[in-house]
Colleague: 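Submitted below is the structure of interest, expressed as structure tokens.
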Number of protein chains: 2
Amino acid sequence: MKTDTVFKQAFNQTLTLLSAAGTGAPLPSENALSADLGVSRTTVRKVLAHLAERGYITGQGRNRIIATAVPDDAHFPHTETIATAQQVEVHFMEWMLRGHAQPGTQINELELARAFGVGTTGIREFLNRFRRFGLIAKRPNAGWVFMGFTRDFAMELFEIREMFELRSARALVRLPDSATIWPRLRAIERQHHELLNQIDARFQDFSDLDNRFHRLINSAVPNRFIDDFYDIITFIFHYHYQWNKRDERLRNETAIREHLAYIQALFSRDLVQVHAACSLHLASARKTMLAAFDAH
Amino acid sequence: MKTDTVFKQAFNQTLTLLSAAGTGAPLPSENALSADLGVSRTTVRKVLAHLAERGYITGQGRNRIIATAVPDDAHFPHTETIATAQQVEVHFMEWMLRGHAQPGTQINELELARAFGVGTTGIREFLNRFRRFGLIAKRPNAGWVFMGFTRDFAMELFEIREMFELRSARALVRLPDSATIWPRLRAIERQHHELLNQIDARFQDFSDLDNRFHRLINSAVPNRFIDDFYDIITFIFHYHYQWNKRDERLRNETAIREHLAYIQALFSRDLVQVHAACSLHLASARKTMLAAFDAH
DNA sequence: AAATTGTTTTTTATCGATAAGTGAAAGACA
DNA sequence: TGTCTTTCACTTATCGATAAAAAACAATTT
């Protein structure tokens with residue numbers, strides 16, 4: 001059956017809202033909460049019912065009021081708010097990156113299902129989706145094979161990445177001044193400066209900024225296949241960075257400076273400059289990832 | 001439970017082998033049959049058991065012999081040899097191209113499952129795999145939406161295709177004379193000439209040749225992401241050509257001539273010529289597909 | 001009348017069961 | 001001694017069932 005992770009997560013979020021509003025405050029309407037939490041009204045009502053049952057809110061219908069301050073331990077544990085499908089992803093990446101998986105390793109659905117504590121269907125579905133990342137292959141009626149997160153894989157990934165990014169940067173330069181990309185580019189430039197100023201404390205935030213920056217560049221002249229490819233990039237980088245922490249602060253600082261130069265080039269609308277700045281950044285990103293393989 | 005389509009297909013193939021060999025001939029070993037049919041020996045044994053049961057072969061162990069000529073109606077019907085997963089694909093494409101699916105149409109798993117006569121799991125698995133073609137999107141907990149096989153879709157598809165193809169053609173030109181690509185290119189060039197000579201009778205064979213040609217170009221300097229993308233191209237073209245038969249003979253003849261010019265350019269190793277011939281062909285392919293949208 | 005809540009219907013996510021199919025060890029043969 | 005067959009343990013493909021979540025509909029309230 002379905003897990004109730006959606007409910008539990010919505011419940012936790014609502015608790016936080018309650019704390020912020022304080023005792024005695026009226027509750028927003030069910031529709032408002034539904035939009036706020038990003039779940040259906042059915043789930044909102046379930047949350048409300050639970051809150052009432054535990055005495056955190058009183059009244060009913062349109063006259064609901066926050067009754068008491070909510071104790072901290074009222075939250076559901078974080079693990080209970082993660083859907084099975086997401087759990088499988090996390091577990092699998094863990095399994096993969098911990099070296100359990102040499103190139104050529106056979107992947108056994110039942111074994112993984114037991115190891116991860118889920119049904120085989122969950123594993124199957126994940127593998128089918130994960131297939132597009134190019135790391136596993138299927139032999140019909142005979143299971144999956146892990147292809148290896150190898151140097152070749154990374155090189156091929158970067159080849160495409162560079163092709164796509166240069167294409168987007170070139171297209172961007174040709175856009176008129178009135179395009180919405182320009183103010184958005186300014187905004188993200190500002191975020192780069194902010195992060196750079198607090199680099200010592202916040203260098204871990206770069207990963208997210210990096211992702212948003214490159215996706216922004218593509219979004220100016222969108223192409224769904226490039227977008228899809230960025231899912232792969234994001235996914236690989238996400239797990240790769242978790243695994244390779246060496247020189248993280250320095251690497252990120254360098255990358256931020258490269259981004260800023262790249263952004264400036266874009267504003268200059270000079271194709272040669274853009275090309276140079278973009279290539280420089282991509283080459284340095286590639287070097288970073290390949291270095292991780294050589295160190296290993 | 002699993003369907004026995006593998007067995008049925010292997011059985012049918014074996015019947016054909018039997019007819020070719022003729023009464024009294026000895027059977028190949030189980031291992032040989034297994035390799036020949038591309039199934040496990042377990043399945044081969046099941047086939048053999050069935051054949052014996054029906055009296056088509058006699059003897060046992062190593063001394064099996066073809067007993068009688070096999071009647072034509074001994075074959076399992078073709079539909080019983082198609083695995084559920086494949087059936088779903090065919091049904092779904094039918095459903096989609098018959099205009100059942102306007103952009104924005106909601107896709108209902110249970111409804112499709114009933115319409116196609118399969119379990120929901122089969123539909124789910126198909127949709128998850130099909131997602132990568134960029135024609136459907138998922139809203140968690142709330143089903144799938146069909147995005148439409150639109151003009152935009154085709155344009156974005158072709159943008160990537162042109163990028164990839166030019167990259168591969170450029171890379172190919174730089175390969176040494178000793179590379180294995182050159183004889184293979186000669187071979188496929190010959191096939192083009194053959195097809196051109198019999199164009200009136202065989203113009204339908206072009207689709208397959210086209211596919212093999214473009215994949216060959218990429219295979220010279222391979223990249224798994226480009227390969228994957230070609231799966232999408234192949235898939236889309238396959239169904240698109242089934243649907244759009246207008247001017248098929250003429251279109252294919254033109255394309256063959258473009259291919260030949262392109263091949264010649266590649267042999268010349270002149271980058272400018274290659275670029276021109278390749279671009280010309282791709283532009284014409286794009287025009288063909290876009291014309292289908294405008295006609296519609 | 002528009003927004004809100006109450007109720008019912010529809011749809012998805014997930015599990016476990018089972019026949020079909022694979023692969024490898026053990027045994028037979030020539 | 002190496003190929004072929006027999007046997008068996010393990011794996012995948014597929015289904016149907018069920019609780020959770022979404023969506024549609026109906027009834028109130030301000």
Side-chain angles (χ1 to χ4, degrees), chain A residues 1-10 27-34 37-49 60-64 83-88 106-114 117-128 138-144, chain B residues 1-10 27-34 37-49 60-64 83-88 106-114 117-128 138-144:
Chain A
M1 79 173 154
K2 230 172 165 170
T3 55
D4 58 354
T5 53
V6 173
F7 157 68
K8 282 175 175 166
Q9 181 161 327
L27 280 175
S29 79
E30 293 178 359
N31 279 310
L33 273 173
S34 159
L37 301 172
V39 300
S40 73
R41 208 160 58 78
T42 309
T43 304
V44 168
R45 301 193 98 235
K46 195 170 161 189
V47 168
L48 258 28
Q60 47 182 321
R62 326 190 165 211
N63 300 92
R64 282 188 270 239
T84 309
Q86 282 170 65
Q87 276 187 55
V88 170
Q106 222 38 58
I107 296 171
N108 183 317
E109 293 178 3
L110 197 60
E111 189 186 313
L112 285 187
R114 281 205 261 265
V118 302
T120 49
T121 316
I123 301 290
R124 209 143 218 288
E125 192 172 316
F126 170 77
L127 292 174
N128 266 315
K138 180 172 200 179
R139 293 173 308 148
N141 290 311
W144 302 82
Chain B
M1 76 172 157
K2 231 172 165 170
T3 55
D4 57 355
T5 54
V6 173
F7 157 69
K8 283 175 175 164
Q9 181 161 326
L27 282 176
S29 78
E30 293 179 357
N31 277 311
L33 274 173
S34 159
L37 301 172
V39 300
S40 72
R41 249 191 51 249
T42 309
T43 303
V44 169
R45 305 195 94 235
K46 196 169 160 188
V47 169
L48 258 27
Q60 46 182 325
R62 317 184 172 214
N63 301 92
R64 282 188 268 238
T84 309
Q86 282 170 64
Q87 275 188 55
V88 171
Q106 227 32 61
I107 296 170
N108 183 317
E109 293 178 5
L110 196 59
E111 191 185 312
L112 286 187
R114 281 205 260 265
V118 301
T120 49
T121 317
I123 301 291
R124 210 142 217 288
E125 193 173 315
F126 171 77
L127 292 173
N128 267 313
K138 181 172 202 183
R139 295 173 308 147
N141 290 311
W144 301 82

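Residue numbers begin at 1 in each chain, while the letters A, B, ... track the order of the sequences.
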Colleague: Taking only side-chain N and O atoms of Thr43(B), does any of them lie within less than 4.0 angstrom of OP1 or OP2 on dA20(C)?
Modeller: no
Colleague: Should Thr3(B) be listed as having a side-chain N or O under 4.0 Å from OP1 or OP2 of dA19(C)?
Modeller: no
Colleague: Whole angstrom is fine here: how far is it from CG in Leu110(A) over to P in dT18(C)?
Modeller: 14 Å
Colleague: List for me each residue that meets side chain to side chain contact (heavy atoms under 4.5 Å, CB included) alongside Ala85(A), sequence neighbours excluded, and say none if there are none.
Modeller: Arg129(A)
Colleague: Once you round it to whole Å, what is the distance between P of dT11(C) and CD of Gln106(B)?
Modeller: 9 Å
Colleague: Looking only at non-hydrogen atoms, find the nearest pair between Ser40(B) and Ser34(B) and report the distance.
Modeller: C-OG, 3.9 Å
Colleague: Regarding Asp4(B), tell me which of base, sugar-phosphate or nothing describes its non-hydrogen contacts under 4.0 Å with the strands shown.
Modeller: sugar-phosphate
Colleague: Please classify the nucleic acid contact of Ile123(A) as base, sugar-phosphate, or nothing, using heavy-atom distances under 4.0 Å.
Modeller: nothing
Colleague: Identify, between Thr84(A) and Ala142(A), the residue whose nearest nucleotide on DNA chain C lies closer to the 5' end.
Modeller: Thr84(A)
Colleague: When you match Gly61(B) and Thr5(A) each to their closest nucleotide on DNA chain D, which lands nearer the 5' end?
Modeller: Gly61(B)
Colleague: Please check this pair: side chain of Asn108(A) against backbone of Glu111(A), looking for a donor-acceptor N/O pair closer than 3.5 Å.
Modeller: yes
Colleague: For the pair Arg64(B) and Glu30(B), find out whether any cationic side-chain nitrogen is under 4.0 Å from an anionic carboxylate oxygen.
Modeller: yes
Colleague: Check side chain to side chain contact (heavy atoms under 4.5 Å, CB included) between Gln87(A) and all other residues, then give those that pass, not counting sequence neighbours.
Modeller: Ile82(A), His91(A)
Colleague: Answer yes or no: is there a side-chain heavy-atom contact under 4.5 Å between Ile123(B) and Trp144(B)?
Modeller: no
Colleague: About how many Å separate CG of Leu112(B) and OG1 of Thr120(B), when rounded to the nearest 0.5 Å?
Modeller: 11.0 Å
Colleague: Any side-chain N or O of Ser40(B) below 4.0 angstrom from OP1/OP2 of dG23(C)?
Modeller: no
Colleague: Pick the nucleotide of DNA chain C nearest each of Pro28(A) and Gly143(B); which residue has the one closer to the 5' end?
Modeller: Pro28(A)
Colleague: Return a single string for nucleotides 24-30 of chain D, one symbol per nucleotide in 5' to 3' order, where B is base contact, S is sugar-phosphate-only contact and - is none, cutoff 4.0 angstrom on heavy atoms.
Modeller: B---BB-
Colleague: Identify whether any heavy atom of Glu30(B) sits under 4.0 Å from a base atom; if not, whether one sits that close to sugar-phosphate; answer base, sugar-phosphate or nothing.
Modeller: base
Colleague: Closest-nucleotide mapping onto DNA chain D: is Asn141(B) or Gly119(B) further toward the 5' terminus? I mean the 5' end.
Modeller: Gly119(B)
Colleague: Would you indicate what Lys8(B) reaches in the nucleic acid, counting non-hydrogen atoms under 4.0 angstrom: base, sugar-phosphate, or nothing?
Modeller: nothing
Colleague: Could you check whether Leu27(B) gets within reach of a base, just the sugar-phosphate, or nothing at all, counting any heavy atom under 4.0 Å?
Modeller: nothing
Colleague: With sugar-phosphate meaning primed atoms plus P, OP1 and OP2, does Thr121(A) contact a base, only sugar-phosphate, or nothing at under 4.0 Å between heavy atoms?
Modeller: base
Colleague: Between Arg114(B) (CZ) and dT11(C) (C1'), how many Å, whole number?
Modeller: 10 Å
Colleague: Would you say the base of dT14(D) and the side-chain of Lys2(B) have a donor-acceptor pair closer than 3.5 Å?
Modeller: no
